[in-house]
Amino acid sequence: MLSKGELTIVDALITGREATPEELATDTGYTRDHIYHLLDELIDTGLLRETRRHHNQRVVQITEHPVIEQYRKLTAEFSHVDWPELLTPATIRICWYLDEPRRITSIADRLEISRQSVHKALSPLKNRALLSPAGPEYALSDSIQPLLEFIQAVVVHDHLNRARNLAPSTTVEWCDPHRALIRVQERHDTESLYAAEEWEVTGLARFKQFGLQFFLAGEPAFWYAPEETLTPAEIVCHTLVLDSGSRRVSYSLLLIEAEAIAQQELMDVAVWYGLADTISEMYRYLAGENEPPAADGIYLPSRTEYEALKEQYGVA
């Protein structure tokens, strides 16, 4: 996650100026050694580029990276705010969830931190009226959409940077501050991720673990969520995020029935993926309460097709 020091450097260079490490040390009050460390990190992750002046003197400048572009928009609209002081890594993680009204307890549980930690991280934003309380829930104010877009860019960048160290062809299909669902395009990238302890194969490629093996076009998807168990409910959601067509919905229905995934268990997971309506319709379908087509954008199989699929794979 982008640290306060790194954001301070970006803020000092956001006008597009070039600067030496010595000039940045003067601007920020950081020691020269700390500046060198911060610059190396920012250059490695693509947020800064380095050139050399006479006598091999280092000079840095911001790049046109998506994180930089979103920060430029944020500072252009809210130039009076000291963003490096407000946006700690903890605040960035928490604000990710404030794209819609959410309870503090819900965010704390999702991040596995205390409610007090959430309140502490949000306190500076509350004091500046950047949050919109709605009863027991909070969201970022509508007027500060650039902040949300910057935070989203930072989180995606964090996951991309981590994954591309192993698999350069990575694209992020879904993420939150602690988790990422990715795809790759190259076979050697797939092999690198298979060998990495913190990445797990997911989506349709994971179904064979449950006795359901389907043809997989292209490379499998991978899941990053250290210290968490990849559950059948998560796999269903990953499958639908990657492709919500009727065939993938059919396969997901098979996994739900094969593993007897409880509706509430799956709904608790689906809400974080924006799939609550889809999952609700799928359980109505399994209960025989609706007939295809279901709600707009939800593609359920015909009863005949699905029963044939169940028989083919031996799902009772």
Side-chain angles (χ1 to χ4, degrees), residues 93-113 115 118 132-140 142 145 148-149 151-152 155-156 159 172-183 202-204 206-207 210 212 221 223-225 228-301 303 306:
R93 291 186 186 96
I94 291 165
C95 284
W96 168 272
Y97 295 103
L98 297 181
D99 58 328
E100 62 180 76
R102 295 190 192 275
R103 291 176 179 266
I104 295 296
T105 52
S106 178
I107 297 172
D109 290 345
R110 185 67 173 170
L111 290 172
E112 297 183 344
I113 59 177
R115 286 177 291 176
V118 177
S132 297
E137 300 178 330
Y138 284 94
L140 288 174
D142 291 340
Q145 183 67 18
L148 178 61
E149 292 171 353
I151 287 169
Q152 290 170 340
V155 171
V156 171
H159 287 301
V172 174
E173 301 296 325
W174 179 93
C175 67
D176 72 12
H178 286 172
R179 308 161 185 86
L181 174 65
I182 67 169
R183 274 179 167 154
T202 189
L204 206 58
R206 193 65 179 248
F207 279 47
F210 307 99
L212 302 169
W223 177 239
Y224 174 84
E228 291 187 12
T229 300
L230 180 57
T231 65
E234 293 278 4
I235 294 167
V236 167
C237 290
H238 297 166
T239 301
L240 296 173
V241 166
L242 293 165
D243 184 345
S244 59
S246 62
R247 202 65 180 166
R248 292 296 183 99
V249 170
S250 297
Y251 297 153
S252 298
L253 288 167
L254 285 181
L255 185 57
I256 289 171
E257 293 208 85
E259 291 301 301
I261 305 173
Q263 182 172 357
Q264 190 58 55
E265 176 189 354
L266 188 46
M267 289 293 286
D268 288 345
V269 175
V271 68
W272 299 105
Y273 294 89
L275 291 170
D277 290 343
T278 297
I279 296 302
S280 179
E281 287 296 320
M282 289 169 66
Y283 274 94
R284 288 184 61 224
Y285 175 84
L286 291 174
E289 296 179 11
N290 62 355
E291 292 291 335
D296 291 344
I298 301 174
Y299 305 103
L300 295 166
R303 296 289 180 189
Y306 184 59

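Model, not experiment: these values are computed from the prediction.
Contact check for H159 versus R179: no side-chain heavy atoms found under the 4.5 Å cut-off. Contact annotation: the side chain of L181 never approaches that of C175 to less than 4.5 Å [non-hydrogen atoms, C-beta and beyond]. Taking the side chain as every heavy atom from C-beta outward, L240 and I279 approach each other to under 4.5 Å. For the pair W174/L242, no side-chain contact is recorded, criterion being any heavy-atom separation below 4.5 Å from C-beta on. Residues I256 and Y283 form a side-chain contact, since some pair of their non-hydrogen atoms from C-beta on lies under 4.5 Å apart. A 4.5 Å side-chain heavy-atom check between C95 and L148 finds every atom pair outside the cut-off. Looking at L266 and V236, their side chains come closer than 4.5 Å, going by heavy atoms from C-beta outward. Residues L253 and P301 form a side-chain contact, since some pair of their non-hydrogen atoms from C-beta on lies under 4.5 Å apart.
Here CZ of R183 is found 11.5 Å from OG1 of T202. Values are rounded to the nearest 0.5 Å. Taking CG of L254 as the start and CD of E259 as the end, the distance is 11.5 Å to the nearest 0.5 Å. In this structure, the separation between CD on E112 and CD1 on I107 is 14.5 Å, given to the nearest 0.5 Å. The distance from the CD1 atom of I104 to the CG atom of D109 is 11.5 Å, given to the nearest 0.5 Å. Atom CD1 of I261 is separated from atom CD of Q264 by 13.5 Å, given to the nearest 0.5 angstrom.
The cationic group of R103 does not satisfy the cation-pi geometry with Y138, failing either the under 6.0 Å distance to the six-membered ring centre or the 45° limit from the ring axis.
The shortest heavy-atom contact between M267 and S280 is SD-N, 4.0 Å. Of all the heavy atoms in L275 and C237, the pair that sits closest is CD1-O, 3.7 Å. Considering all non-hydrogen atoms of both residues, W272 and S106 come closest at CH2-OG, 3.4 Å. Taking each heavy atom of A233 and V269 in turn, the nearest pair found is CB-CG2, 4.0 Å. For the pair T239 and L204, the tightest heavy-atom approach, listed with the atom from each and the gap, is OG1-N, 3.8 Å. The two residues H238 and G203 make their nearest non-hydrogen contact at CB-N, 4.3 Å.
No hydrogens or angles considered: nothing links the side chains of E281 and Y299 as a donor-acceptor pair under 3.5 Å.
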**Report entry** Full working for side-chain contact (heavy atoms from CB on, under 4.5 Å) between L255 and I235
**Finding:** CA-CA 9 Å; L255 185 57; I235 294 167; 4.0 Å; yes
Query - From CA spacing to verdict: side-chain contact (heavy atoms from CB on, under 4.5 Å), E257, L286 - result: CA-CA 9 Å; E257 293 208 85; L286 291 174; 3.5 Å; yes
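A donor-acceptor pair under 3.5 Å is formed between the side chain of S250 and the backbone N or O of S246.
No more than 12 heavy atoms of other residues, nucleotides or ligands sit less than 6.0 Å from atom CG of D277.
Taking the charged nitrogens against the carboxylate oxygens, D176 and R93 have no contact shorter than 4.0 Å, which rules out a salt bridge.
By the 30° and 60° cut-offs, the orientation of the rings of Y285 relative to Y306 is perpendicular. Between Y273 and W223, the ring-plane angle classifies as tilted under the 30° and 60° cut-offs.
Two rings, from Y224 and H178, have their centers 6.0 Å or more apart.
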